[in-house]
Amino acid sequence: MKSSNFVLLLLSLNVVSNIVALAGPSTCPADIGSDCASSSGEWEGEFFQGIPKIKYEGPSSKNPLAFKWYNSEEEILGKKMKDWMRFSVAFWHTFRGTGGDPFGAPTKAWPWEDGTNSLAMAKRRMRANFEFIEKLGVDRWCFHDRDIAPDGKTIEETNANLDEVVALAKELQGKTIRPLWGTAQLFHHPRYMHGAATSPELGVYVYSAAQVKKAMEVTHYLGGENYVFWGGREGYQSLLNTDMERELNHMARFFEAAVAYKKKIGFNGTLLIEPKPQEPTKHQYDWDAATAANFLRKYGLIDEFKLNIECNHATLAGHSCHHELETARSNGLLGNIDANSGDPQIGWDTDQFMMDVGEATLVMLSVIKNGGLAPGGFNFDAKLRRESTDVEDLFIAHIAGMDTLARGLRNAAKLIEDGSLSELVRKRYQSFDTDLGAEIEAGKADFEVLEKKAIAWGEPKVASAKQELAEMIFQSAL
């Protein structure tokens with residue numbers, strides 16, 4: 001009897017162990033002391049414990065971990081909301097942002113970080129990135145090469161590090177997630193203190209080309225839809241020691257080489273230039289959208305590039321984000337938007353999440369006029385405030401940013417469907433909707449013809465601009 005009971009006990013234990021095995025490993029927190037390492041030594045647990053997949057609950061929801069306005073599958077003006085937005089998570093701010101600033105030490109200590117920039121740590125961050133993307137419910141991300149993988153002692157070692165992390169990213173992406181864009185970080189390392197493509201040092205120019213070549217290759221390998229050039233140090237601190245013309249010529253040759261290599265490797269993504277007026281340089285060569293457009297025209301590159309407009313950069317240049325978007329759009333150059341904002345009381349690039357519904361509505365009016373942004377989209381080049389240090393703050397910030405733009409899209413659609421604002425604009429220019437107006441716009445009316453009309457018509461009548469009415473109509477949609 002005792003023997004049979006012992007056998008039954010063994011059988012029971014075997015059944016239980018099989019059930020546990022079938023159930024899979026339990027999740028555990030992504031802190032350094034957790035025992036979730038795989039046989040390869042890589043951590044494979046859950047990074048964001050207690051954070052569910054973010055869902056749409058509607059405007060009445062009080063849940064901070066739910067969308068109130070962004071409903072990805074809902075159609076607005078004939079297109080799904082997710083297709084208007086094409087949201088992307090920015091790896092550098094989300095997973096490399098420390099909270100440090102010129103006056104204070106880092107404040108963020110995410111539980112999965114070990115304080116190193118090792119290859120193993122880079123892989124752990126990449127796993128966190130894709131868990132975050134999946135839970136947030138987006139299907140795009142963007143990156144700088146040096147943010148996702150550490151520098152080595154040589155170009156070959158650095159490229160090998162990047163290849164190893166990119167291989168993991170490719171695996172984690174699956175079939176549904178892709179980079180909105182990739183880029184090379186050509187501003188942080190001391191070698192780039194004078195610039196990259198505009199450096200007076202030939203060796204730096206050569207090194208920059210090698211780095212962009214590799215970054216473009218891995219962006220292509222990962223299925224990236226765009227490639228960005230942000231020239232943070234492509235400018236000057238003083239003209240006294242700068243040959244501006246030569247530097248601009250060098251930058252043009254660099255871009256020409258990038259275009260040629262893009263075509264050589266079969267990368268069909270869009271090349272994007274991101275304007276910014278200054279910081280860290282005193283003057284950056286692609287100051288704003290108009291300056292960048294002029295540069296592209298001068299060097300015959302206007303058909304090879306579009307612009308990535310960042311709202312905070314627009315305000316640093318003395319413009320509104322709406323102005324920069326309309327400048328890019330009217331030149332056929334609007335390709336992507338860095339969704340962020342600055343603080344009017346602070347004179348630097350604060351990279352805050354966009355929370356102003358009025359500004360978001362103006363942004364979305366431009367996007368709708370543009371017919372959307374594809375193959376570009378919105379990437380959150382935005383970071384948590386230094387004082388926001390909880391892991392859930394990463395989700396709350398992105399949810400709020402996505403909801404703000406979604407609300408802007410809904411408002412813009414209301415304005416377009418109502419038609420009052422567009423009718424006000426149409427009436428302002430209706431005097432040109434005539435035979436003579438058509439001749440002027442077609443470039444067929446010379447000064448002699450116009451002088452005769454001026455004499456015949458006499459003093460022109462000038463109508464009210466109705467600016468206050470336009471503002472009233474706009475505010476009624478918010």
Side-chain angles (χ1 to χ4, degrees), residues 239 244-245 248-249 251-252 255 273 275 277 283-307 309 311 313-335 337 358-359 361-372 412 415-477:
L239 281 172
M244 182 193 290
E245 183 178 7
L248 287 168
N249 288 339
M251 189 161 72
F255 286 154
I273 291 176
H283 177 93
Q284 192 167 306
Y285 289 137
D286 46 13
W287 180 273
D288 59 7
T291 305
N294 181 65
F295 172 87
L296 293 172
R297 282 197 184 89
K298 176 182 177 181
Y299 290 102
L301 294 165
I302 195 72
D303 295 326
E304 304 291 352
F305 287 82
K306 290 187 182 294
L307 300 183
I309 300 299
C311 291
H313 292 179
T315 53
L316 289 175
H319 306 307
S320 67
C321 188
H322 193 211
H323 167 89
E324 285 291 87
L325 293 174
E326 285 298 285
T327 301
R329 187 187 67 79
S330 63
N331 281 279
L333 294 173
L334 179 54
I337 298 174
E359 182 178 24
T361 303
L362 292 170
V363 166
M364 293 313 303
L365 281 171
S366 289
V367 171
I368 292 169
K369 287 180 183 178
N370 200 57
L415 286 166
I416 290 168
E417 289 168 343
D418 172 72
S420 299
L421 188 58
S422 58
E423 178 62 13
L424 184 152
V425 174
R426 186 197 68 78
K427 285 182 177 179
R428 280 200 75 199
Y429 299 91
Q430 64 184 351
S431 65
F432 279 85
D433 297 330
T434 58
D435 291 341
L436 180 59
E439 287 182 27
I440 291 171
E441 292 180 343
K444 297 178 179 179
D446 59 31
F447 274 7
E448 284 84 359
V449 169
L450 298 177
E451 181 187 41
K452 290 176 182 178
K453 289 293 184 181
I455 293 170
W457 291 352
E459 185 64 30
K461 294 180 180 179
V462 181
S464 169
K466 297 291 183 183
Q467 179 177 330
E468 292 77 14
L469 178 57
E471 291 170 346
M472 178 188 291
I473 293 168
F474 177 77
Q475 291 294 329
S476 69

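The chain is numbered in sequence order, starting from 1.
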Problem - Reported CD1-to-CG distance for the pair Ile302 and Leu333, which is rounded to 0.5 angstrom - result: 4.5 Å

Handout entry: Check: Ser320 and Thr315 side chains under 4.5 Å, non-hydrogen atoms
Key = no

Handout entry: Side-chain heavy atoms of Ser366 within contact of Glu326, under 4.5 Å
Key = yes

Problem - Over 12 foreign heavy atoms within 6.0 Å of CE, Met472 - result: no

Problem - Distance (rounded to the nearest 0.5 Å) between Cys311 SG and Leu325 CG - result: 6.0 Å

Exercise for the section: Measure across Ala289 and Ala328 and return the closest heavy-atom pair with its distance rounded to 0.1 Å. Expected result: CB-N, 4.3 Å

Practice task
Sequence neighbours left out, what pairs pass salt bridge (Lys or Arg N to Asp or Glu O under 4.0 Å) with at least one residue falling in residues 426-440?
Solution key: Glu423-Arg426

Exercise for the section: Heavy atoms only: give me the nearest Ala317-Trp287 pair and the separation to one decimal. Expected result: CB-NE1, 3.8 Å

Exercise for the section: Kindly say whether Gly332 contributes a backbone atom to a donor-acceptor pair with the side chain of Lys306 at under 3.5 angstrom? Expected result: yes

Problem - Side chains of Gln475 and Glu471, donor plus acceptor under 3.5 Å - result: no

Fill in the blank from the handout: OG (Ser431) and NZ (Lys461) are apart, to the nearest 0.5 Å, by 13.0 Å

Practice task
Quick one: pull up CD1 in Ile368 and CZ in Arg329 and give me the separation to the nearest 0.5 Å.
Solution key: 11.5 Å

Fill in the blank from the handout: CG (Leu362) and NE2 (His323) are apart, to the nearest 0.5 Å, by 13.5 Å

Practice task
Show the numbers, then the answer: is there a side chain to side chain donor-acceptor pair (under 3.5 Å) between Asn294 and Thr291?
Solution key: CA-CA 5 Å; Asn294 181 65; Thr291 305; over 6 Å; no

Handout entry: Any Leu334 side-chain heavy atom under 4.5 Å of Leu307 side chain
Key = no

Under 3.5 Å, which donor-acceptor pairs link side chains of residues 443-457 to any protein atom two or more places apart or in another chain?
residue: Asp446; atom: OD1; partner: Glu448; partner atom: N; Å: 3.2
residue: Asp446; atom: OD1; partner: Val449; partner atom: N; Å: 2.9

Handout entry: Nearest atoms (heavy-atom pairs only) where Ala465 meets Leu424
Key = O-CD2, 4.1 Å

Problem - Tyr285 ring center within less than 6.0 Å of Phe295 ring center - result: no

Problem - Heavy-atom check, side chain of Lys298 versus side chain of Leu248, under 4.5 Å - result: no

Practice task
Answer yes or no: is there a side-chain heavy-atom contact under 4.5 Å between Thr327 and Asp288?
Solution key: no

Completion exercise
All heavy atoms of Ile473 vs all of Ser476, minimum pair found to be O-OG, 2.5 Å

Practice task
Flag the pair His313 / Glu324 as yes when at least one side-chain heavy-atom distance between them is below 4.5 Å, and no otherwise.
Solution key: no

Handout entry: Flag side-chain contact, heavy atom, 4.5 Å: Ile416 against Leu365
Key = yes

Exercise for the section: Can you measure from CZ (Phe305) to CG (Leu296) and round to the nearest 0.5 angstrom? Expected result: 7.0 Å

Problem - Residue pair Val363 / His322, side-chain heavy-atom distance below 4.5 Å - result: no

